[in-house]
Each structure stands twice: as C-alpha cells, then as structure tokens.
Amino acid sequence: MRKILFPSLIIIATSLLVLRLFYLQVVNDTFKLKSDNNAIKIKYDYPERGYIYDRKGKLLVANQPSYDIMVIPKDIKNIDTLEFCELLDVTKEDFIKKIAKATVYSPRLPSVFLAQLNKKEFAAFQEKIRKFEGFYFQKRSLRDYQVNFGANVFGFITQVNDKLIAKNPYYNSGDLIGKQGVEESYEEVLRGVKGVKYYQKDKFNREIGSYKEGEFDTVAVQGKDINLSIDLELQKYGEELMINKRGGIVAIEPKTGEILALITAPSYDPSILVGRQRSKNYTLLYHDSIAKPLYDRGLLAEYPPGSPFKIMTGLVGLQEKVINEQTTFMCHHGFSYARGRFMKCHGFGPHQLHNGIYNSCNTYFANVYMRTINKYVSAPHAVDIWSEHVKSFGLGQFMGYDLPTGRKGKIPDSKTYKKMYPDWRWDSKTIVSNAIGQGEVLATPIQLANMMSAVANEGYYYTPHIIKRIKGEKIDPKYTTKHLTSIDKKYFAPMISGLFDVYNFGTAHGLNVEGIDICGKTGTAENFAKIGGVRTKLEDHSIFVAFAPKDNPKIAIAILVENGGFGATIAGPIASLMIEKYLRHKITRTDLEKRILERSLQDRYAKLGGQSAAVKLEMRKRDSILKKNITMSLPKADAAKEN
C-alpha cells in the first residue's frame, strides 16, 4: 500500500502543477501582460463616483472634472524644469521630491505627480504638455458639494496609501478612495469600476496602437447613486443651532431606524477638502486637538448619560417586579444610602413612577435601582441581569450601523466590579450612581437616540442606518430586522406617560410646542477635566432625549451639548426646535430659536484652550454663511425649569 501511495501523491502533485502552468501561460494572459509591461502602456479610465441624495431625492453631492498630472520617471527626457514648475506653480525642490517618490514606487509605472487640478489650473499646462516627455494627464472627477454642511455624514475623498495598495489589488498609486462617513462605508458602491486600456509601444517607446486590438480593454462603469436617510433641512437646521457650541445630535425615525440627522459640532464646509488645497486644509483640521472638527461626537463621544438613563432604571425595575406604578418613596432633597453618603436631589415629598420621571427625582430611582440589585442574593448575579436588560436597548455595544466609526459606550456588569473591587465585597450601595446615569455608565448620542426609538416603539428597534436606497440594489437586510428589548410591552405605557408630562409639569416645562405632543427627558452630566494637572469641575454637559408625537412617533432624538449646563437650558430647546422643524417644516417657537442661535459657549471652551487659529478662521467663515439663511424674531425666551 505504501509503495502505491507515495508514487500516487507525486503523480497528482505533478499533474496539478502542469495544469496550473498551462492555465497561467496559455489560458490566462494576466501575467503575460505584466511580463510584457515594458512594451505595453496601461491607461486607466476612471468612472464618476455615484451621486448622493437625501431621503427626499435632493442632490447633496455631485462631481466636477479634475486632472491629475502623471509621471513615468524613466521616460523623462530633456525637459525645461523651470518652465514646467512655473506652469504648475510648484517649486524646484517639490519637483525633485515628487520625482524621487515616484521613482521609489516604480521608475517604469505611472505615478501621480500633481493631483486634482481644476480646469483653470490645467489649461496653461495642457497647451504645452507635449514638451514634457514622461508626463501626461489623467482626467477624473472630484466631489462637487451642493451644500456647505454635513461633512461628517459624507466623509471625503483622498489618495490611497502604500499599505492599502499592498492589501487591495484594485487600487494603484494615485487612486482615490472614500474616507470617513458614507464615502468610506459605501466605497465599493460609489466608486464604480475603472476601465483599463492597453497600448503597444515600439522600441523607441512610442505608442503604436492598442494591444491585441483591445482584446483586454475594459470599459469604466459609473458608481451607483445612493439616497441617504438624512433629511436635508433637518441636518442643516441642526448644524445652525449648534454654531458656537460643541456636541452631538442624532435623530432617528423610530419605525425604520433610519437616521434623519447626524450632527457633530464644530464641523466644517466639506468643500475645503476638495482640490489642491485639500491636504493643507486637512492638516489644519487634523491637528486641531482642541475643537476636534474631525471628531464625530454623535458617534464617538462617550458621556455619562445622566437623568435620561432613569428611563432604563424605571423599566428594569418594572420588569423585575420590584416596583409598580404606585410604589412610593419619600424624598427629602436627597437620598442617604450609606454612612456619610448622600445623593442630592431637587425633589421633595412622595414620588411614584409618574412624578418621579417628570420631576427627575434621584431619590426615587436610587431606591428602584437598589431594589433591583437587592432582589437577588448575589450582587454580581443581579448586576448581570440588570446589565442584560439595559444592553437589549442597544446600549453598551456596537449596534452595527453603516458608518465606519463608533464607540461601545459602557454598561457595567459583574466583571467590571470584580476588576474595580478585587479585595472587598461590593453591593447595591457601592454602585447606586448607575441609577441616575452616572457611576460607570457611558453612552454615545446615537445610542441614546436608539434607546428613545425603542421606548417610542414600546419595546423594539431597528439597527440605526444612514442608507435609504442604492440604485439597482437592495439594502442589507439587517437594517430591516426587528430587535426586541427584554422589557414587556405593558411596562412602556406608564413610562411614556411620565415622559409626556416632563413637558407639561416637569423639568422641560416651557419648552413645549403647541399642537405637538412631545415625550422627553432632561439630563445634566457632571464634567471634570485636568487643567494644569489639576482635576477641575467644569460646567456640566447639557443632555436631552425625546420622541414625538406621543402617539405614532415619527422622530426620536438625543442631544448633548458639552459644558451646556442644565438639560433644559440648551439641549432641551434644541430638541423642541428640531422636532417642530421635522414635523411641520417651520418654526413657531421663535423665542427658543433666537435664544439658541445667539447663545455661544466659546467663553467656556476658552478655559480649555479655545480653538486653533486656523479652525477658528474657518468656523467664522462658515458661521457667517449659515447665519444668512436664518430669520430670527425678537420675542423674549420663556424661562424653562431646569434639572
């Protein structure tokens, strides 16, 4: 048997090798093309990227023509370097560096010498290009933004780097690729397929016609158009409201999970990352470590959610049957829960679920949380049960949305506290700050918006997503798959009733919009930062979550304004304004609008170092453009009750 097995293996291996060689040498000419590369010139035909529209079909991003100056280093012969540099407005030093870089990549293959020239910049060079042997131009399209907002939604286009080229054979040196936003998420859809043409060269390196009569040539295929779920007017309005503020806003359609607005502040005009100044402008934005205009706070910023998290505490308490709607706790402006430990509260007197929500009573929810943990003999087991309930709302995890960046937030479990307290036994009193969205709890604005979608839907949500339609394709089915929370539907009605009265009697009184039933929750999160090496208490973050209308909700929203103070001061009015804008396409609460548009928090941010000069200049330019589009009336703002 062994005598037969060994020769058989040799015969099989040899046969496979011969078949592979036959395929490569006779059937497949790909490697022959590469080996013949000295005699063949390859030219790429770059397609237009797909257009980007909003949910109603309004054009957001189109294309404009541009030109790349290409170079093949070994073909450069006797050119007038000085004239060449003058035509393209480059220095001789830059010329030398670019040629050296191209030579390192390949002396025989084309590299981008100068990218993204517009028509005017290219015109003078085009007339004399025949004088510069070794150089040619390649036409391609660049993005043409129809709006001056939404930069974080779109992302931008940049050249591929060597690392990506080595990993993905589709791309060559000088190719463009989408980065950040939908340009990155839907790169393969938007980019299309580039065409390739092969030209035969003679011994004098001159083109003498198509290689094999164009047998291997391919035609460029334009990228597919996409519709985003973003509402153009809502996105624009939200960015206007966040001028001179920092923070994030996310609005979602509860019944579908479609993202209606994704706002980060400060932001920038997306057009500054197009053309020859792209690299310079990107460097300015990237190195602004203070304002962080490239940092998408709606997706990345993890904050203690504060009082909006009381919604979770109440729902879990109901589900675990440690309370009902009539369960009452007495509040005396706070809650004493351990020796020397006192949790302050604005409330006073008896509180049940309903007024506990609209008064935002810390005492009530601290008691509910401790009952939830104390229900079980083992605190670690109890906190794991609590954690799983909360995570069923999408908190503490990546939700799988179709954007290339994000953070998990944090919902602690027994492992968290085992690491924190390895040497002594902890219990409900140790971790009671979780009850009011402080402690070890962290959430991003998109997670809070998704939480409110689940509440609005009375127990389910769809994975948030920014794509609405891809021309000729179906969107990923995971965005139409319903996710159920672990809370029974019957427990949502009393919670929603309390959230509705937040506007009528509670902490958002004065922020209501006549004719629109809004359910919401104010929040204030403590904020500390190191200044000069000292942990310093700064102005609290202003948080607000809401959905509307109360019946058949159309929008759920979460707003976080850094250093904004009480939840009803800045975040609350923004929620009311954006909800009315989306549902009615107009604003009646012009008093709130005037207050928010005129409110600047730059003096507070100055304590952290202010903004870099470059970004401040760009912000001033952008703000002046945006403010021209806003009509502000003069009535005085109503005083809102703050929590």
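Worth knowing before you read on, the calculation uses all heavy atoms, side chains too, and leaves out hydrogens, waters and symmetry mates.
- Judged purely by atom type and a 3.5 angstrom limit, Gln447 uses its side chain to pair as donor or acceptor with the backbone of Gln397.
- At least one side-chain heavy atom of Asp225 sits less than 4.5 Å from a side-chain heavy atom of Tyr53.
- Proximity of a side-chain donor or acceptor of Ser387 to a complementary backbone N or O of Pro412 within less than 3.5 Å is detected.
- Atoms CG and NE2, on Leu560 and His541 in that order, are 6.5 Å from each other to the nearest 0.5 Å.
- Side-chain polar atoms of Glu562 and Tyr303 form a donor-acceptor pair below 3.5 angstrom.
- By the 6.0 Å contact criterion, OH on Tyr170 is enclosed, its count of non-hydrogen atoms from other residues, nucleotides or ligands being greater than 12.
- Rounding to the nearest 0.5 Å gives a distance of 4.5 Å between CG of Asp144 and CD of Gln64.
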Open item on the list: Quick one, Ile579 with Val513, criterion side chain to side chain contact (heavy atoms under 4.5 Å, CB included). Give me CA distance, side-chain angles, the key distance, then yes/no.
Closed with: CA-CA 9 Å; Ile579 286 170; Val513 178; over 6 Å; no

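- Distance NZ/Lys554 to CZ/Phe547: 12.5 Å, rounded to 0.5 Å.
- Below 30°, between 30° and 60°, or above 60°: for Phe135 and Phe113 the angle between ring planes is above 60°, a perpendicular geometry.
- The closest donor-acceptor contact from the side chain of Asn281 to the backbone of Ile272 lies under 3.5 Å.
- Shown here for Pro305 and Ile543, the closest heavy-atom pair between the two residues is O-CD1, 3.4 Å.
- Aromatic ring centres of Phe125 and Tyr67: separated by at least 6.0 Å.
- Listed for the Asp54 side chain is a donor-acceptor partner under 3.5 Å among the backbone atoms of Leu232.
- For the residue pair Val147 and Asp269, the shortest heavy atom distance occurs at O-OD1, 4.4 Å.
- Of the possible donor and acceptor atoms, one in the side chain of Glu239 sits under 3.5 Å from a partner among the backbone N and O of Gly150.
- Here the CG-OG1 distance, from Asp476 to Thr463, works out to 9.0 Å after rounding to the nearest 0.5 Å.
- Residues Tyr462 and Lys482 meet the side-chain proximity criterion, which asks for heavy atoms closer than 4.5 Å.
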Task: Residues Tyr237, Glu580; criterion side-chain hydrogen bond (donor to acceptor under 3.5 Å, both in side chains); working and verdict - done: CA-CA 11 Å; Tyr237 189 56; Glu580 185 179 22; over 6 Å; no

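- Leu117 has its side chain out of reach of Ser66: every pair of non-hydrogen atoms, C-beta onward, lies at least 4.5 Å apart.
- Listed here is the closest heavy atom pair of Ala548 and Ile516: CB-CG2, 4.1 Å.
- Using a 4.5 Å heavy-atom cutoff, the side chains of Leu597 and Glu593 are in contact.
- In terms of modelled atom types and a separation under 3.5 Å, the side chain of Glu183 and the main chain of Leu190 share no donor-acceptor contact.
- A salt bridge links Glu240 with Lys236: the distance from a Lys NZ or Arg NE/NH1/NH2 to an Asp or Glu carboxylate oxygen falls below 4.0 Å.
- Closest non-hydrogen pair, Ala556 versus Ala449, comes out as CB-O, 3.9 Å.
- In this structure the side chain of Val71 never reaches within 4.5 angstrom of the side chain of Lys98, judged on heavy atoms.
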- [ ] May I have the step-by-step check of salt bridge (Lys or Arg N to Asp or Glu O under 4.0 Å) for Asp68 and Arg140, ending in yes or no?
- [x] CA-CA 7 Å; Asp68 291 346; Arg140 65 169 95 210; 2.5 Å; yes

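- No side-chain heavy atom of Val545 sits under 4.5 Å from any side-chain heavy atom of Val455.
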For residues 252-266, tabulate all N or O donor-acceptor pairs below 3.5 Å that involve a side-chain atom, not counting sequence neighbours.
{"from": "Glu253", "atom 1": "OE1", "to": "Thr256", "atom 2": "OG1", "distance (Å)": "2.6"}
{"from": "Lys255", "atom 1": "NZ", "to": "Asn457", "atom 2": "OD1", "distance (Å)": "3.4"}
{"from": "Thr256", "atom 1": "OG1", "to": "Glu258", "atom 2": "N", "distance (Å)": "3.2"}
{"from": "Glu258", "atom 1": "OE1", "to": "Arg55", "atom 2": "NH1", "distance (Å)": "3.0"}
{"from": "Glu258", "atom 1": "OE1", "to": "Arg55", "atom 2": "NH2", "distance (Å)": "3.0"}
{"from": "Glu258", "atom 1": "OE1", "to": "Lys468", "atom 2": "NZ", "distance (Å)": "3.2"}
{"from": "Glu258", "atom 1": "OE2", "to": "Lys468", "atom 2": "NZ", "distance (Å)": "3.2"}
{"from": "Thr264", "atom 1": "OG1", "to": "Tyr295", "atom 2": "O", "distance (Å)": "3.1"}
{"from": "Thr264", "atom 1": "OG1", "to": "Arg297", "atom 2": "N", "distance (Å)": "2.9"}

Open item on the list: Could you go through Leu142 and Leu176, starting from their C-alpha distance and side-chain angles, then the distance that decides it, and tell me whether this counts as side chain to side chain contact (heavy atoms under 4.5 Å, CB included)?
Closed with: CA-CA 9 Å; Leu142 294 179; Leu176 301 178; 3.8 Å; yes

- [ ] Decide yes or no on side chain to side chain contact (heavy atoms under 4.5 Å, CB included) for Tyr582 and Ile557, but give the supporting numbers first.
- [x] CA-CA 11 Å; Tyr582 182 67; Ile557 193 167; over 6 Å; no

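- A pairwise comparison of heavy atoms in Ala454 and Phe393 identifies CB-CD2, 3.6 Å as the closest pair.
- Judged by distance alone, with hydrogens and angles left aside, the side-chain atoms of Ser141 form no donor-acceptor pair with the main-chain N or O of Asn63 at under 3.5 Å.
- Because its NZ or CZ atom is not both nearer than 6.0 Å to the ring centre of Tyr460 and within 45° of the ring axis, Lys489 does not count as a cation-pi partner of that residue.
- Remark: the backbone N or O of Gly564 is not paired with any side-chain donor or acceptor of Lys245 at under 3.5 angstrom.
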Task: Criterion side chain to side chain contact (heavy atoms under 4.5 Å, CB included) on Ile587 and Lys581, from CA distance to verdict - done: CA-CA 6 Å; Ile587 295 297; Lys581 184 73 169 179; 4.1 Å; yes

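- With Tyr199 as the aromatic partner, Lys43 meets the cation-pi criteria of under 6.0 angstrom to the ring centre and within 45 degrees of the ring axis.
- Scored by the side-chain contact (heavy atoms from CB on, under 4.5 Å) test, Pro270 finds Tyr145, Ala151, Phe154 as partners (sequence neighbours excluded).
- Within the 4.5 Å cutoff, side-chain heavy atoms of Leu164 are placed close to those of Asn161.
- If you take CD1 on Ile72 and OG1 on Thr103, they are separated by 11.5 Å, rounding to the nearest 0.5 Å.
- Residues Tyr44 and Asn172 bring a donor and an acceptor atom of their side chains to less than 3.5 Å of each other.
- The minimum heavy-atom distance between Leu109 and Ser106, with the atom names listed, is N-OG, 3.0 Å.
- At a threshold of 4.5 Å between non-hydrogen side-chain atoms, the residues Leu241 and Ile249 do not count as touching.
- Looking only at distances, no side-chain donor or acceptor of Tyr479 sits under 3.5 Å from a matching main-chain atom of Ile466.
- Residues Tyr51 and Gln146 have side chains that never bring a donor and an acceptor to within less than 3.5 angstrom of each other.
- A distance of 4.0 Å separates CZ of Arg191 from OH of Tyr171, quoted to the nearest 0.5 Å.
- One side chain, Asp175 or Tyr46, offers a donor N or O that lies under 3.5 Å from an acceptor on the other.
- Asp402 places a side-chain N or O within donor-acceptor distance of the main-chain N or O of Ile467, the cut-off being under 3.5 Å.
- Between Arg49 and Glu187 there is a salt bridge, since at least one side-chain N of the basic residue sits less than 4.0 Å from a carboxylate O of the acidic one.
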